[in-house]
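To start, the structure itself, in structure tokens.
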Amino acid sequence: MDRKWKWVLSSGALLVIFLGRMTTALEVPLDLPQPPTITHQSPKDFIIDPRENILIYCEAKGKPHPSFSWTRNGTHFDVEKDSKVLMKPSSGTLVIDISGEKAEAYEGIYQCTARNEHGTAVSNNIVIRQSRSPLWSKERKEAIMVQVGVSLVLQCRPPAGLPPPIIFWMDNNFQRLPQNTRVSQALNGDLYFSNVLLDDTRNDYICYARFPHTQTIQQKQPITVKVLDMDAINETVAAMYNYTNNLFVDSPSGERRPSFMAPLGRSSTQMALRGGVLELECIAEGLPTPEVSWYKESGDLPSSRMSFHNFQKTLKIADVMEADAGDYRCTAKNSLGSAHHTIKVNVKAAPFWISAPRNLILAPKETGILTCRVSGDPKPQIAWSVNGVPVEDSPKDMSRKVEDDTVILSDVQTGSSAVYQCNASNEFGYLLANAFVNVLAEAPRVLTPPNNVYQVITNNPAFLDCASFGSPIPTITWFKDSQTSILNRDPYVIHNNGTLEINVAQSLNSGKYTCIASNNLGTKENHVYLEVKEPTRILAQPEYMVVQRNRKAVFECKVKHDPTLIPTMNWLKDNGELPDDERFLVDTDSLTINDVTEEDEGTYTCVMNTTLDQDSASAMLTVVEEPDPPTDLELTDQRERSVQLTWIPGDEHNSPTQKFLVQYEDLLHQAGVWHNLTEEEGTKTTAHLDLSPYAYYSFRVLALNHVGYSQPSQPSRQYRTNPAAPDVNPTDVQGVGTEHNNLVISWKELTGLQSNGPGLQYKVNWRQKDVEEDWSSETVANASKYVVSGTPTFVPYEVKVQAVNDYGNGPAPEAVVGYSGEDVPMSAPESVQVLVQNGTLAEVHWEPVLTSMVRGRLQGYKVSYWRERSLHQAEAQQEEQQVLAFSGNRTDGRLPGLKPYSLYTLNIRVVNGKGEGPLSPNHNFETPEGVPGPPSFLRIKNTNMDSLTLEWGPPQDNNGRLTGYTLKYQPVNNSNELGPVEEMTFPANETTITLADLKYSTRYKFYFNAKTIKGSGPTITEEAITIMDEAFIQQPIVDVVKVHPIGSAFTNVNSSVVGEEGAVISWEYFGPDKNVYVEYIVENSKEDWTKEFVNGSSGSQTYLIKGLKPGTSYRVRVVVKDHSEATIHSTEELVITLPAMKSNQVDLATQGWFIGLMCAIALLILVLLIICFIKRNKGGKYPVKEKEDAHQDPEIQPMKDDDGTFGEYSDTEDHKPLKGSRTPSNGTVKRDDSDDSLVDYGEGGDGQFNEDGSFIGQYSGKKEKDTHEGNESSEAPSPVNAMNSFV
């Protein structure tokens, strides 16, 4: 019993502590008996509009459905006796028709009662009051006259209304009167002036009261205020005003320290109710107008719940708490001092719930507790009632025990259901709660609909409901996938209401869940499903963009989401919808804004929504453009050679100004042309400008930002400078002769701005360098050169040019050195010698030409040479002349690229700036012999089993006297291993040789070169294969099995059988990889492929496979592998069938046992036919086989799919490819006409070959059916095929 009592207490505690989603009240299904429950009622304080019917709500539920009754002012209210009152059917709601009646007649305190056979519930006391908007009392308002500077209060004093009216001040034009720190409205509606000004004079200060329930506005009589300046009127007039108009002379009018107008005194008190709104007000007067500030003496102000109003004069605290009690100090301060006022705040509380009583469902003999825990200040008094009757006045119940805020029910009996009321009250209000006790014996039922599907995002909590009902309260057990019991531990939490919570849902939590509700009367189960979805995530967020005006802006927003959820992409601008503008283009994962403008600036957010979650990302768009041009150009600090320019920058358009460019226009020399003068940093707005004399300046400024330059500013006013002597001389002064007897002196003229004054001329000076003579001079104007005639050829001169004008000469110029004109050289190089280094290189030497004979600037020497003829040719065959130039004062040079054993001629000439000098005499030289070039060709002809013929041509370049040829050759086996080398030499006049005693069916490699006395020349190579013994060659039985080639590097793949144990494969390969293998496997075998390495050179290739089993079919292919043994190219697979050994071949058609077997089968078939015929004639029925399977030739059975694997291979040798190897051009082995052909054994000779060379005829002479029909044949298999199938 003690343990049961503890369980009941803990259950009661849990009923109190449930929070959030787990705090739903215990619900009884409406199909079960239950006491009434109030579901809807009017508020406690109900203010009605007298123009509308009164509607007092009272709704309840229960089983049976409850009946309703009302009390008014504590006595029974008989609804049926009042024709103006109607109670809605199946409801307690009252509708009172007050048309033609006064609403005051129905004011009072109403309470609704809902009862059925299981108990009675009551509503709150509903106080019905009529809203009121009384008129303002008539009063006569005299004009208020005040002296300027004094304080003033205009009282409103509206009539008391229900609810209180809203106050505001306006003028005759219904415009609100302006308010500020000096003039403001207090909480009571009065208008306070901290000090008055002359501008406050007016005759329409009107206070308005708006009554919210009746939506009526009433106004007070206008108040007239006249503000006088007593210092501006004489004493007589002032005395008259004081005597006749009650002028407020007691209030100070001059500057003064602050003092408080409301509240008065140094301190005050104020009470606030918990949960309400606290408004503290301090209004001060003074001159100058004081500022008000607040602080709490015993703690900090509640920043999250407080706000300042009325220009800091009102402190408002929402949702008042006990901690808000204390002393609040307001301080009014101006330049003359400060004043303080302390408001002591006391916080009281109407009753409020800590835990309200909750409904109890008890089984017979169970125990339960009702708790009614409240708090308040003062402490509330708690009173319990049963079915609307105070407990002390209700019948005694031994199972009930009342202890202050708790009712304990023990050992309850069937029929003891009731409704308990808890009433908690103090002087500030009351709380009333109904809680029923329903005694039931009910088997469990699950209220959550079956097969609910819950969806949740990964890593979020999941809640699976299992709302149930039963009495006693069922125990809830959860299972996953109908087998795994879920315990109340991580990651699962089972709440008291049966809800299963998964703290952090993962994909593995998806599945079917079963909840079972059970008590001692039975069990009930329900299935729900959980789907855990992937979260929505923005992978590529939009980025901050700075875009020029009229350009395009693109924001990307790439999103990943669960594929089973339907996403919706929305774009926002500044948290609102996008503008309705065709320039905004929304795509699947992007937003494009064309032709952006300044209005497009803002924050753009992409929001991806699904039915379960969302993700968003934002980025700003900044629109930039060129800055506006500077304005207001002004010239200051004007001097002879300088001036100061200032300006005001224009709008930067979101891109900071980097610099300012100052330009000028010279109206005197180049009107309309603007020149850059100086640059200033973007933070400056002034520039010091250095000027030139004799100019009419106008200035303008351009601003530069990241986008570009602004438009130019408006030009400044004109600024003129006085003329002066030139400051600079012409630049780029040169002295260069154009003829052999002149000197041209040139310079770059000064600009008009550089002239510094009128009458600009140039004084030209020259003299021969290193010669004692005076300067010659000439003055010219409007020229950039001067020609001095009669000069000696190519001699140095000193020249200088000085600027002069009407105001003087420029600075002394510096002299530069130039040369008079050149002439062509007069002589050729002498003492020419040639030193031959070898057959292709020679050195040439010469004596330089004297400087005086060069007659100009030496540029170098040109050597011309050409080949006259080869030395073994009698007649000249002159080749094209070659020219080599050697710059500078050289005396030798090298002649490369000569041909050996040749006669050459050369000459030399000197070159200067004017041209080329005369040629030196021709000089001949010879080059020695060298090694010959490669033979022009090497051909292989007449290839037989053991011999072949080689034919060659002499080298194109003998490079000497040819002494003979050298031939080397060696065999190459299947592993690309080279055999012994045979060497032969031939005289120079031979061009062919026949090699005998060679091995049949063997590949040979040949090396061939020519020789002179200097040695052997380059080698050329060829390869050839001797043909095989025709006696062993048979055409193969080939079935081509098409596979998809991995690459297309192979063409012309063919095969043929050699004897009984070998086969030859030929192909053409054009790939870059060298690891080429021939792979073969017994057909229909599951063993690994056997592979043999072959030479991987490009071109035609053949390979002989040896050691095959006679009478066996093989699948063969050629593959190319990479370094990791992976296949990168492959040919089609060929199926090759080798013939059986002749000694073992037996003709079944001649065997006795085979003939006997065939006769027995024929006799059996005949007997069966006779039996069938007899039965049919007798009308009997017999089973007939639908179709007989024909015997198929094993040679044409469909191939099984290969597993695609390759045999392991390891090659430890370095197989180097053979260069230049060749095979016959048709890629096949040559055969004689005497070879036997399988076609000869057929009847019609219809055998033929495919493009790849495979044989496609059948031995019976009949053509195969189309490959789309398979390999079956309507013909009987030939005896040869049948025989081979048994071997």
Side-chain angles (χ1 to χ4, degrees), residues 133-161 164-212 216-229 245-253 256 258-265 268 279-292 308-316 330 332 334 339 341 343:
S133 53
L135 299 176
W136 235 298
S137 60
K138 297 261 184 198
E139 57 181 351
R140 182 179 178 182
K141 287 292 182 179
E142 294 183 353
I144 300 175
M145 295 187 180
V146 293
Q147 184 178 352
V148 66
V150 303
S151 60
L152 177 64
V153 180
L154 301 183
Q155 295 179 340
C156 181
R157 296 181 182 177
I166 298 170
I167 306 300
F168 49 93
W169 290 79
M170 294 197 298
D171 59 15
N172 279 331
N173 296 322
F174 298 99
Q175 300 296 316
R176 285 186 179 269
L177 295 176
Q179 298 188 25
N180 48 43
T181 55
R182 185 180 64 85
V183 182
S184 60
Q185 177 183 315
L187 292 174
N188 65 355
D190 294 345
L191 190 64
Y192 281 80
F193 294 77
S194 295
N195 51 78
V196 294
L197 304 176
L198 291 173
D199 293 340
D200 295 330
T201 297
R202 62 190 306 155
N203 60 2
D204 57 351
Y205 286 95
I206 306 174
C207 180
Y208 288 85
R210 180 170 65 85
F211 298 90
T216 58
I217 297 177
Q218 305 209 20
Q219 74 174 63
K220 190 174 183 176
Q221 291 293 325
I223 301 174
T224 299
V225 175
K226 294 182 179 179
V227 182
L228 304 177
D229 186 355
N245 290 288
N246 191 23
L247 190 66
F248 294 132
V249 295
D250 294 337
S251 178
S253 61
R256 59 196 180 277
S259 63
F260 285 101
M261 304 171 69
L264 298 175
S268 59
E279 290 183 309
L280 304 179
E281 182 178 59
C282 281
I283 301 177
E285 64 91 20
L287 189 66
T289 302
E291 300 286 340
V292 178
F308 293 107
H309 301 271
N310 198 19
F311 310 102
Q312 294 271 115
K313 298 175 185 179
T314 302
L315 170 63
K316 185 175 182 180
C330 62
N334 67 8
H341 184 89
I343 304 175

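One is the number of the first residue; the rest follow in order along the sequence.
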Exercise for the section: For the residue pair L228 and V146, establish whether any side-chain heavy-atom pair is separated by less than 4.5 Å. Expected result: no
Practice task
Mind checking the SG-CD1 spacing from C207 to I167? Nearest 0.5 Å is all I need.
Solution key: 5.0 Å
Exercise for the section: Could you walk me through whether R202 and V225 pass side chain to side chain contact (heavy atoms under 4.5 Å, CB included), step by step? Expected result: CA-CA 6 Å; R202 62 190 306 155; V225 175; 5.7 Å; no
Problem - Heavy-atom closest contact (S151 atom, M261 atom, distance) - result: CB-CE, 4.0 Å
Handout entry: Test item: W136 side-chain N/O and R157 main-chain N/O as donor-acceptor pair under 3.5 Å
Key = yes
Completion exercise
D200 meets the side-chain hydrogen bond (donor to acceptor under 3.5 Å, both in side chains) criterion, sequence neighbours left out, with R182
Practice task
Would you confirm whether D229, through its side chain, and V148, through its main-chain N or O, come within 3.5 Å as a donor-acceptor pair?
Solution key: no
Handout entry: Heavy-atom side-chain proximity of L280 to T314 below 4.5 angstrom
Key = no
Exercise for the section: Mind checking the OG-OH spacing from S184 to Y192? Nearest 0.5 Å is all I need. Expected result: 9.0 Å
Problem - Check: D171/N173 side-chain N/O donor and acceptor closer than 3.5 Å - result: no
Problem - Closest approach of I343 to E281 (non-hydrogen atoms, all atoms of both residues) - result: CD1-O, 4.1 Å
Practice task
Could you verify whether a donor N or O on one side chain and an acceptor N or O on the other, from K226 and T201, lie under 3.5 Å apart?
Solution key: no
Problem - ring-ring contact (aromatic ring centres under 6.0 Å, His included) partners of Y208, counting only residues at least two apart - result: F168
Practice task
Go through the structure and list residues passing side-chain hydrogen bond (donor to acceptor under 3.5 Å, both in side chains) with S268, not counting sequence neighbours.
Solution key: H341
Exercise for the section: Flag yes if more than 12 heavy atoms outside Q221 fall under 6.0 Å of its CD atom; otherwise flag no. Expected result: no
Problem - Spacing of Q179 atom CD and K313 atom NZ [to the nearest 0.5 Å] - result: 8.5 Å
Practice task
Just do the side chain to side chain contact (heavy atoms under 4.5 Å, CB included) check on I223 and W169 with the steps written out, would you?
Solution key: CA-CA 11 Å; I223 301 174; W169 290 79; 4.1 Å; yes
Practice task
Drop me the distance from L154's CG to I206's CD1, to the nearest 0.5 angstrom.
Solution key: 12.0 Å
Exercise for the section: Starting at CE of M170, measure out to OH of Y205 and round the result to the nearest 0.5 Å. Expected result: 15.0 Å
Practice task
Provide the closest heavy-atom pair for S194 versus P290 in the form atom of the first, atom of the second, distance.
Solution key: CB-CD, 4.4 Å
Exercise for the section: State, with a plain yes or no, whether a side-chain heavy atom of E279 is found less than 4.5 Å away from one of L315. Expected result: no
Fill in the blank from the handout: Tightest non-hydrogen contact, residues F211 and P165, listed as CE2-CB, 3.6 Å
Handout entry: Side-chain donor-acceptor pair present, S259, E285, cut-off under 3.5 Å
Key = yes
Handout entry: Test item: side-chain donor near acceptor, N195 and T289, under 3.5 Å
Key = yes
Problem - L191 side chain reached by V153 side chain, heavy atoms, under 4.5 Å - result: no
Practice task
Please examine the side chains of V150 and V196, heavy atoms only from C-beta on, and report whether any two atoms are closer than 4.5 Å.
Solution key: yes
Completion exercise
When every non-hydrogen atom of C156 is compared with those of D190, the smallest separation belongs to N-OD1, 2.8 Å
Problem - Smallest separation among heavy atoms of P258 and A332, with atom names - result: CG-O, 3.6 Å
Completion exercise
Rounding to 0.5 Å, atoms CD (Q219) and CG (N172) come to a distance of 8.0 Å
